[in-house]
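Counting from 1, the numbers follow the sequence of the chain as shown.
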Amino acid sequence: MKKVSVASIKENVLIAPDIYRMELELTEDANAIPGQFVNVYLDDGAHLLPRPISICRAFDNRLTLVYRAVGVGTGIMSRLTEGGTIRASDPLGNGFTLPESGTVLLVGGGVGVPPLLGAGIAAKAKGLDVIAALGYRSELFLKDEFQQVGELLIATDDGSAGYHGTVVDLLKKIDIPADTAVISCGPKPMLKALAAYCKEAGLPLQVSLEERMGCGFGACVGCVCRLDQGGVIVQKRVCKDGPVFDGSEVIF
């Protein structure tokens, strides 16, 4: 059974406009799979529902969370300081599945970039070739970390770094090995365009969906997505059945 425990905050720093990196120390090993998330609980007396935050990377009993401060809850998170504590769940959901051989192409956009770092680290450790194609509005984050994993390609909306345009348009301009498995996380328009591209290119695709969640454990059925499984339309819970799905099945 998944549990909630108190984690020590070892770092909580601004790494780009509105983007923060929080390092947590748990009481035991995280045992996280790349692509999973944790529920973070705020003890302010006003926010009863948890904040689901994707795991950027996990090592032993340390978790790295990279998040955007966009609302009251994440705003409170951004003001927590080193030496404090926060309640966090065990890793939740289903993560990415790495291939046995070949190349892994990581495609991320915005705050969908952080959960791909853990996948890249795991892929490199498995001996796979790694290419990361990352899309940003303008200012970059986690660039150095991804460069340590493999080849890095960047697209920006304003052209301030790398390719001027979308990350999917960038992919259309490069040669991708035939034995490539695509792993992705980002906004739905990006994932929809990527799914169409991978279908045409014949590349297998895994997508991590971002949805507003209530409980994060699958009980409230508040984060349902639709899949087309061989012509049969089914509903799945992003928190419990995902957040990672076969990209060829997701109805965007």
Side-chain angles (χ1 to χ4, degrees), residues 2 32-41 47-56 65-68 70-71 73-74 88-99 104-120 122 133-135 137 166-168 171 180-252:
K2 299 295 184 180
I33 299 170
Q36 289 186 301
F37 66 96
V38 292
N39 275 338
V40 172
Y41 296 83
H47 294 83
L48 300 179
L49 295 177
R51 281 357 186 219
I53 306 292
S54 296
I55 297 170
C56 177
L65 308 180
V66 176
Y67 62 97
R68 174 176 282 131
V70 293
T74 48
S89 71
D90 285 347
L92 300 171
N94 297 301
F96 298 112
T97 300
L98 297 176
V104 170
L105 172 61
L106 309 172
V107 184
V111 287
V113 166
L116 299 179
L117 180 59
L134 309 178
R137 293 175 183 171
T166 72
V167 68
V168 177
L171 293 179
T180 296
V182 184
I183 288 176
S184 183
C185 185
K188 279 189 176 179
M190 184 204 83
L191 295 179
K192 182 178 180 179
L194 180 62
Y197 166 78
C198 288
K199 181 179 180 179
E200 182 177 349
L203 298 175
L205 170 66
Q206 297 174 59
V207 298
S208 176
L209 299 181
E210 298 174 332
E211 290 286 350
R212 295 183 66 87
M213 297 180 186
C215 67
F217 295 97
C220 71
V221 199
C223 58
V224 171
C225 68
R226 295 194 304 153
L227 306 182
D228 183 345
Q229 297 183 330
V232 178
I233 308 303
V234 298
Q235 293 187 331
K236 295 290 185 179
R237 298 161 297 179
V238 172
C239 66
K240 186 73 172 181
D241 303 311
V244 177
F245 295 96
D246 183 334
S248 67
E249 296 182 346
V250 177
I251 299 174
F252 293 101

Kindly write out the residues that satisfy side-chain hydrogen bond (donor to acceptor under 3.5 Å, both in side chains) with Y67, not counting sequence neighbours, or none if the list is empty. N12

On a heavy-atom basis, the closest approach of V238 and L209 is CG1-O, 3.7 Å

Review item, side-chain donor-acceptor pairs of residues 243-252, under 3.5 Å, at least two apart:
{"residue": "D246", "atom": "OD1", "partner": "S248", "partner atom": "N", "Å": "2.9"}
{"residue": "D246", "atom": "OD1", "partner": "S248", "partner atom": "OG", "Å": "2.7"}
{"residue": "D246", "atom": "OD2", "partner": "S248", "partner atom": "OG", "Å": "3.4"}
{"residue": "E249", "atom": "OE1", "partner": "Q229", "partner atom": "NE2", "Å": "3.3"}

d(S184 OG, L205 CG) to nearest 0.5 Å is 6.5 Å

Excluding sequence neighbours, so at least two apart, what forms side chain to side chain contact (heavy atoms under 4.5 Å, CB included) with A122? P34, L98

Can you name the one residue among N39, I55, V38 that meets side chain to side chain contact (heavy atoms under 4.5 Å, CB included) with L92? N39

Reported CG-to-CG distance for the pair L117 and L134, which is rounded to 0.5 angstrom: 9.5 Å

Can you check whether K240's main-chain N or O pairs, donor with acceptor, with N94's side chain at less than 3.5 Å? yes

For P91 and Q36, which heavy atoms make the closest approach, and how far apart are they? CB-OE1, 3.3 Å

Who pairs with Q235 by side chain to side chain contact (heavy atoms under 4.5 Å, CB included), at least two apart in sequence or on another chain? V224, R226

Looking at P115 and V111, what are the two nearest heavy atoms and their distance? CD-O, 3.8 Å

Please report the closest heavy-atom contact between P52 and F37, naming both atoms and the distance. CB-CD1, 3.9 Å

Donor-acceptor pair, side chain of Q206 and main chain of I183, under 3.5 angstrom: no

Name the residue from V207, T166, V167 that meets the side chain to side chain contact (heavy atoms under 4.5 Å, CB included) definition with M190. V167

L227/D241 under side-chain contact (heavy atoms from CB on, under 4.5 Å): CA gap, chis, key distance, verdict: CA-CA 11 Å; L227 306 182; D241 303 311; over 6 Å; no

Taken in chain and number order and not counting sequence neighbours, the residues that satisfy side-chain hydrogen bond (donor to acceptor under 3.5 Å, both in side chains) with T180 are none

Who passes side chain to side chain contact (heavy atoms under 4.5 Å, CB included) against P99, sequence neighbours left out? V104, L128, A181

Heavy-atom pair with the smallest gap, counting every atom of V113 and G135: CG2-O, 4.3 Å

Would you please test L171 and L105 for side-chain contact (heavy atoms from CB on, under 4.5 Å) and show each step? CA-CA 10 Å; L171 293 179; L105 172 61; 4.1 Å; yes

Minimum heavy-atom distance S54-L65, with the two atoms named: O-CD2, 3.7 Å

